[in-house]
Enquirer: 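Dropping a structure here in structure tokens format, bear with me for questions.
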Amino acid sequence: MTESIMNPVAIVTGASRGLGAAIARALASKGYNLVLTYRSGASEAELVKSQCEAAFSNIQVVLVAADISLEEDCKHIVEVAKETFGRVDVLVNNAGMTRDGLAMRMSREQFTSVIDTNLTGAFSTSSLCLPIMVKQRKGRIINISSVSGVYGNAGQANYSASKAGLIGMTKSMAKEVAKRNITVNAVAPGFIETDMTDALGEETKKAAMERIPMARFGKPEDVANVVAFLASEESAYVTGQVIEVSGGLVI
Ligand code: NAP
């Protein structure tokens, strides 16, 4: 029996880059064994795995290729966690995508593809992890929503709906499992420096910057630190909440 078997276990979806990669590194530095998922970025995921292993001496990190919009892939992620580690203490539903456009020109497929990944994917992984957490009488689910899901954003009817849906799901699940020592919370980032915001035009970035009281975009670590807190014992009495990490974007 290796010592790593005593470590708590976290699943982080979409951990090949951006926020997911930073969340994986933050949890690694706290001694979690990790199941990290990615969709297409196998080499990026390998790099994150080695960064995590370097962050803490005795953790085990497993990579799983999975498209979170597919139920069988979600089942596979949770199966790997169960078979490798025998438990799941923390689930971070981070994988997400955008397919922006004005609602009047948005196809139904453009709408549902974003919902399938950002919302239904998180539902699947959560509903599959909850029975394990209930049995353990311990668990943390952290959903990465967005300020778009709280306040709306022109051009993001699909994305905002998925992220607002995550908030509703967070609150409902929190009520369902609170008595079982399981907390469910959401983090709503504002503008964070990742590939997702890199894709925004210069005009949009400039306009966004003018609305941020802290006058800077966030770093992935700004979000990862909040996720690490919500994963920890220190947040035991926090559930059903949405924590904005946005430099004060909306005060
Ligand atoms: P990102 O750089 O675009 O990374 C997205 C991650 O999700 C990648 O690891 C990607 O995997 C994975 N992914 C995308 N679609 C997937 C699918 N169908 N199945 C499995 N994995 C999938 O995004 P990010 O900026 O880090 O964002 C992470 C989360 O934070 C998202 O939920 C996003 O909506 C949310 N968020 C971000 C910001 C921001 O400013 N960056 C603000 C608010 C909320 P591959 O690369 O391997 O395909």
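Atoms within a ligand are numbered from 1 in the order they appear, just like the ligands themselves. Since the structure is predicted, the reported quantities are computational estimates derived from the model, not experimental observations.
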Enquirer: Quick test: of every protein heavy atom, which one is nearest to atom 1 (P) of ligand 1, and how far off is it to 0.1 Å?
Expert: Arg17 NH1, 3.4 Å
Enquirer: Could you list the atoms of ligand 1 found under 4.0 angstrom from a heavy atom of Ala66?
Expert: 19 (N), 20 (C)
Enquirer: I need the atoms of ligand 1 closer than 4.0 Å to a non-hydrogen atom of Tyr159, numbered in the order shown.
Expert: 33 (C), 34 (O), 35 (C), 36 (N), 43 (C), 44 (C)
Enquirer: Do the side-chain N and O atoms of Gln60 and Tyr32 include a donor-acceptor pair separated by under 3.5 angstrom?
Expert: no
Enquirer: Does this structure show an ion pair linking Lys82 with Glu79, if we count only N-O contacts that are shorter than 4.0 Å?
Expert: yes
Enquirer: Answer yes or no for Ser145: is there a heavy-atom contact with ligand 1 below 4.0 Å?
Expert: yes
Enquirer: Take Tyr159 and Asn153 through the side chain to side chain contact (heavy atoms under 4.5 Å, CB included) test and state the conclusion after the steps.
Expert: CA-CA 9 Å; Tyr159 183 77; Asn153 197 22; over 6 Å; no
Enquirer: Would you please say whether a donor-acceptor pair under 3.5 Å links the side chains of Ser126 and Asn93?
Expert: yes
Enquirer: Between Thr197 and ligand 1, is there a nitrogen or oxygen pair with a distance under 3.5 Å?
Expert: no
Enquirer: Taking Lys138 first and then Asp89, would you say they form a salt bridge - that is, a charged N and a carboxylate O separated by under 4.0 Å?
Expert: yes
Enquirer: Nearest protein heavy-atom contact for atom 14 (C) of ligand 1: which residue, which atom, what distance?
Expert: Gly96 O, 3.4 Å
Enquirer: Do any heavy atoms of Lys163 fall under 4.0 Å from ligand 1?
Expert: yes
Enquirer: Tell me, yes or no, whether the heavy-atom count around Arg99 atom CZ, taken from other residues, nucleotides or ligands under 6.0 Å, exceeds 12.
Expert: yes
Enquirer: Looking at ligand 1, is there an atom of it that comes within less than 4.0 Å of some heavy atom belonging to Phe217?
Expert: no
Enquirer: Between Val88 and Ile132, which heavy-atom pair has the shortest distance, and what is it?
Expert: N-CG2, 3.9 Å
Enquirer: Name the closest protein heavy atom to atom 6 (C) of ligand 1, giving the residue it belongs to and the distance to 0.1 Å.
Expert: Gly14 O, 3.7 Å
Enquirer: Test your reading of the structure: does Gly18 have an N or O sitting under 3.5 Å from an N or O of ligand 1?
Expert: no
Enquirer: Are any of the side-chain nitrogens in Lys205 or Glu202 under 4.0 Å away from the carboxylate oxygens of its partner?
Expert: yes
Enquirer: Any nitrogen or oxygen of Ser146, main chain or side chain, under 3.5 Å from a nitrogen or oxygen of ligand 1?
Expert: no
Enquirer: Does the pair Lys49/Glu53 count as a salt bridge with the N-to-O cut at 4.0 Å?
Expert: yes
Enquirer: When you look at Ile115 and Asn158, which way does the side chain to side chain contact (heavy atoms under 4.5 Å, CB included) test go after all the steps?
Expert: CA-CA 7 Å; Ile115 299 286; Asn158 49 2; 5.5 Å; no
Enquirer: Any side-chain donor-acceptor pair under 3.5 Å between Ser124 and Glu71?
Expert: no
Enquirer: Need the ligand 1 atom indices (1-based, order shown) with element for anything under 4.0 Å from a heavy-atom of Pro189.
Expert: 42 (C), 43 (C), 44 (C)
Enquirer: Report the member of Val64, Ile68, Leu19, Leu166 with the shortest heavy-atom distance to atom 26 (O) of ligand 1.
Expert: Leu19
Enquirer: Would Lys219 and Glu193 pass as an ion pair if we require N to O under 4.0 Å?
Expert: yes
Enquirer: Please indicate whether any nitrogen or oxygen in Val147 is less than 3.5 Å from any nitrogen or oxygen in ligand 1.
Expert: no
Enquirer: Can you find an N or O of Asn94 that's nearer than 3.5 Å to an N or O of ligand 1?
Expert: yes
Enquirer: Taking only heavy atoms of Gly41 into account, list the atoms of ligand 1 that are under 4.0 Å away from them.
Expert: 45 (P), 47 (O)
Enquirer: N/O of Ser40 under 3.5 Å from N/O of ligand 1, yes or no?
Expert: yes
Enquirer: Atoms of ligand 1 less than 4.0 Å from Asp67 heavy atoms?
Expert: 17 (C), 18 (N), 19 (N)
Enquirer: Considering heavy atoms of the protein only, find what lies nearest to atom 13 (N) of ligand 1 and give residue, atom and distance to 0.1 Å.
Expert: Ala95 CB, 4.0 Å
Enquirer: Does ligand 1 have any atom that is closer than 4.0 Å to a heavy atom of Gly190?
Expert: yes
Enquirer: Does Ile141 reach the side chain of Leu130, with side-chain heavy atoms less than 4.5 Å apart?
Expert: yes
Enquirer: Is there a nitrogen or oxygen of Ile192 sitting under 3.5 Å from a nitrogen or oxygen of ligand 1?
Expert: yes
Enquirer: Provide, to 0.1 Å, the distance between atom 23 (O) of ligand 1 and the closest protein heavy atom, together with that atom's residue and name.
Expert: Met196 CE, 3.7 Å
Enquirer: At less than 4.0 angstrom from any non-hydrogen atom of Phe191, what atoms of ligand 1 do you find?
Expert: 40 (O)
Enquirer: Assess the residue pair Ile192 and Leu19 against the criterion (side chain to side chain contact (heavy atoms under 4.5 Å, CB included)); give the C-alpha distance rounded to whole Å, side-chain angles, the decisive distance to 0.1 Å, and a yes or no.
Expert: CA-CA 8 Å; Ile192 313 294; Leu19 300 188; 3.5 Å; yes
Enquirer: Identify, for atom 24 (P) of ligand 1, the protein heavy atom at the shortest distance, and state residue, atom and that distance.
Expert: Thr194 OG1, 3.7 Å
Enquirer: Looking only at N/O atoms, are Ser16 and ligand 1 under 3.5 Å apart anywhere?
Expert: yes
Enquirer: Same cluster or not: are Leu128 and Leu36 linked, directly or through other Ile, Leu, Val, Met, Phe, Trp or Tyr residues, by side-chain heavy atoms under 4.5 angstrom apart?
Expert: no
